[in-house]
Structures are given as structure tokens and as C-alpha cells.
Amino acid sequence: MRMDQEFTTDTEPVPLPALVWSLVVPLKPLALAKSRLAGAADDRLRPRLALAFAQDTVAAALACPAVRDVAVVTDDPAAAAGLTALGARIVPDSPAAGLNAALAHGAEVVRAARPSAAVAALNADLPALRTAELTRALAAASVFTRAFLTDAAGIGTTLLCARPGAELRPAFGGPSRLAHLASGATEIMSDGLDSVRQDVDTGEDLAAALALGVGRHTAGRLAAGAPAVPRKHVRQGHVP
């Protein structure tokens, strides 16, 4: 049963304690991932980077005290093995109908087991993600029925949160900031969340993430893969 009537509108904070979240992380088959990184990585390196990005994202998320668990929606066996080893739950992408269908399916699977779960969608390509910053972002989101964080470019979305009783209603892809605003979700306006905003689609995005300091999986993969980005920015094993 929906419980939206228990909450105020998305523009009015709800004075309730911070929640513990179940995160849903979507990951397409690695061979198809990160095609826009062609200028910074070759066909061999790109899928390995996509996995490394996801590993650093999931590792930082699982270290977050506001995160109960992480469900990765993917059909890629290599990704499933690598992310299971970190402690993530793998959910097959049974809809096979794109990003938003995968996220909605992941949220449904989480709530089939725990109907009262607070659910958040998190991008898989946040290699500089800091646990402390994710904790602050989730705390900021917890006072709204639905809330989201825009990406570093101010166009897309990296995090979408739904309190218990609220549907996730993901609208990722393209100008998703506007789409999520139009859906009634509240934009998280907190400062100091750069690592949660910095997703990586292009070589320029990768350079920006490296400047923040990436996690050990991405740093190790870049060190082994002769990246076409300034190596001075590769910081092995940043502190979350």
C-alpha cells in the first residue's frame, strides 16, 4: 500500500530522523559501457574501467553508515563476480529495457523483501566517491519524500532517493535534472558533495574525477592500462 499521504510535499522538509538506505546501482554489460571514453581509453581498457568505476562506487557506498545494502542490477557475469566479492547483491536485469526500467526493477526487488525500505538509485560511474560525502547527501535527502542530486555538469542526475512508501520513479538519461524536478522530486542543494556529483562519461569527466582522487580499483586499472590522462592525478586508494 502506498503511504505518500503520510508525508508533506516534496518542497517541505519532514522533521524525521535520517534513514538507512538500500542503494540500487545499474550497470550495463561491460562490453557496451563507457563508449564516450574512446578518446581516453581503448576498446580493451574501457570495459575494465567501467568495472573499476563500479567497484569503487560500491566499495564507498557499502562503507557508508547510512547504507544498509547495495543491489547492483546487471547481467554481466564479470561485473557480478567482482561486485559480489565486495558485498553487493546482484539483481539480474530481467526487464532488459534500459536504465530506468533496470532501476525500477531493482527497487521492486528490494521492496519485495522489505516493503518499508528507503531506496536510492546511485550511478555506477563515481570512481572518486567519498563515503563521508555520500553520507551527507543521503542525510540531506532523508527529509524529503523524493530527492535527487544533479551531476557536476548540472544536467544529469547521480543520486535519486525515495523514502519508505514513495515510488522511486527514475528518469535518468539526458537532461534528467529537469525530468526529476518535473516529477516533483526535490533537488539536494548542499555543498561539499563533489565526489557524489562527479560521474564519468568522457575523458574530461575522467580527468575531473582523477583530480578529486579516485579509489584503488580505478587507480590500479589506470596504472596498468596506460591511460591517456595525466598520471599525476592518479591517487592510489583515496580515503573515503
Side-chain angles (χ1 to χ4, degrees), residues 21 23 25-27 30 33-41 45-67 70 72 79 82-83 86 88 120-141 147-161 172 176-177 180 187-240:
W21 298 82
L23 301 190
V25 177
L27 185 59
L30 297 177
K34 298 301 157 194
S35 59
R36 293 168 62 192
L37 276 177
L45 180 57
R46 283 200 304 276
R48 298 181 181 190
L49 277 179
L51 176 55
F53 295 168
Q55 288 173 308
D56 284 329
T57 300
V58 168
L62 285 171
C64 176
V67 173
V70 175
V72 178
L83 297 170
L86 295 176
L122 182 70
N123 284 11
D125 56 353
L126 301 170
L129 183 63
R130 300 305 200 260
T131 295
E133 293 186 13
L134 178 61
T135 303
R136 292 197 296 273
L138 291 171
F148 72 96
L149 186 69
T150 191
D151 62 10
I155 297 171
T157 303
T158 58
L159 177 69
L160 174 67
C161 304
F172 286 78
S176 61
R177 174 181 177 269
H180 285 129
E187 183 171 1
I188 299 168
M189 302 302 292
S190 305
D191 295 326
L193 302 178
D194 292 350
S195 76
V196 196
R197 298 180 187 274
Q198 189 56 67
D199 56 351
V200 175
D201 289 315
T202 67
E204 290 78 11
D205 295 335
L206 180 56
L210 290 168
L212 291 173
V214 296
R216 67 182 183 87
H217 295 94
T218 301
R221 178 51 59 194
L222 288 171
V229 292
R231 297 179 65 83
K232 67 180 179 180
H233 291 311
V234 178
R235 301 176 190 175
Q236 187 69 260
H238 69 68
V239 178

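Keep in mind that the numbers below use all heavy atoms, side chains included, and drop hydrogens, waters and symmetry copies.
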Would a distance-only check, ignoring hydrogens and angles, find a side-chain to backbone donor-acceptor pair under 3.5 Å from [X] to [Y]?
| X | Y | result |
| --- | --- | --- |
| Asn123 | Asp199 | no |
| Thr135 | Cys64 | no |
| Glu133 | Asp194 | yes |
| Arg197 | Thr150 | yes |

Say you draw a straight line from [atom1] of [X] to [atom2] of [Y]; how long is it, rounded to the nearest 0.5 Å?
| X | Y | atom1 | atom2 | answer |
| --- | --- | --- | --- | --- |
| Asp151 | Arg177 | CG | CZ | 10.0 Å |
| Leu222 | Leu210 | CG | CG | 6.0 Å |
| Thr158 | Leu122 | OG1 | CG | 7.0 Å |
| Arg46 | Leu30 | CZ | CG | 12.5 Å |
| Asp125 | Lys34 | CG | NZ | 3.5 Å |

Using side-chain heavy atoms (C-beta onward) and a distance below 4.5 Å, is [X] in contact with [Y]?
| X | Y | value |
| --- | --- | --- |
| Val58 | His217 | no |
| Gln55 | Leu83 | yes |
| Val200 | Leu37 | yes |

- request: Take Leu206 and Phe53, measure what side chain to side chain contact (heavy atoms under 4.5 Å, CB included) needs, and give me the verdict at the end.
  value: CA-CA 10 Å; Leu206 180 56; Phe53 295 168; 4.0 Å; yes
Specify the closest pair of heavy atoms between [X] and [Y], including all atoms of both residues, with the distance to one decimal.
| X | Y | answer |
| --- | --- | --- |
| Ala120 | Leu138 | CB-CD2, 4.4 Å |
| Ala137 | Leu159 | CB-CD2, 3.9 Å |
| Thr57 | Leu129 | O-CD2, 3.6 Å |
| Leu51 | Ala79 | CD1-CA, 3.8 Å |
| Arg130 | Ser195 | N-OG, 2.9 Å |
| Asp205 | Asp201 | OD2-N, 2.9 Å |

task: Measure the acute angle between the ring planes of Phe148 and His180, then classify it against the limits of 30° and 60° as parallel, tilted or perpendicular.
output: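 If you compare the ring of Phe148 with that of His180, the planes turn out tilted.
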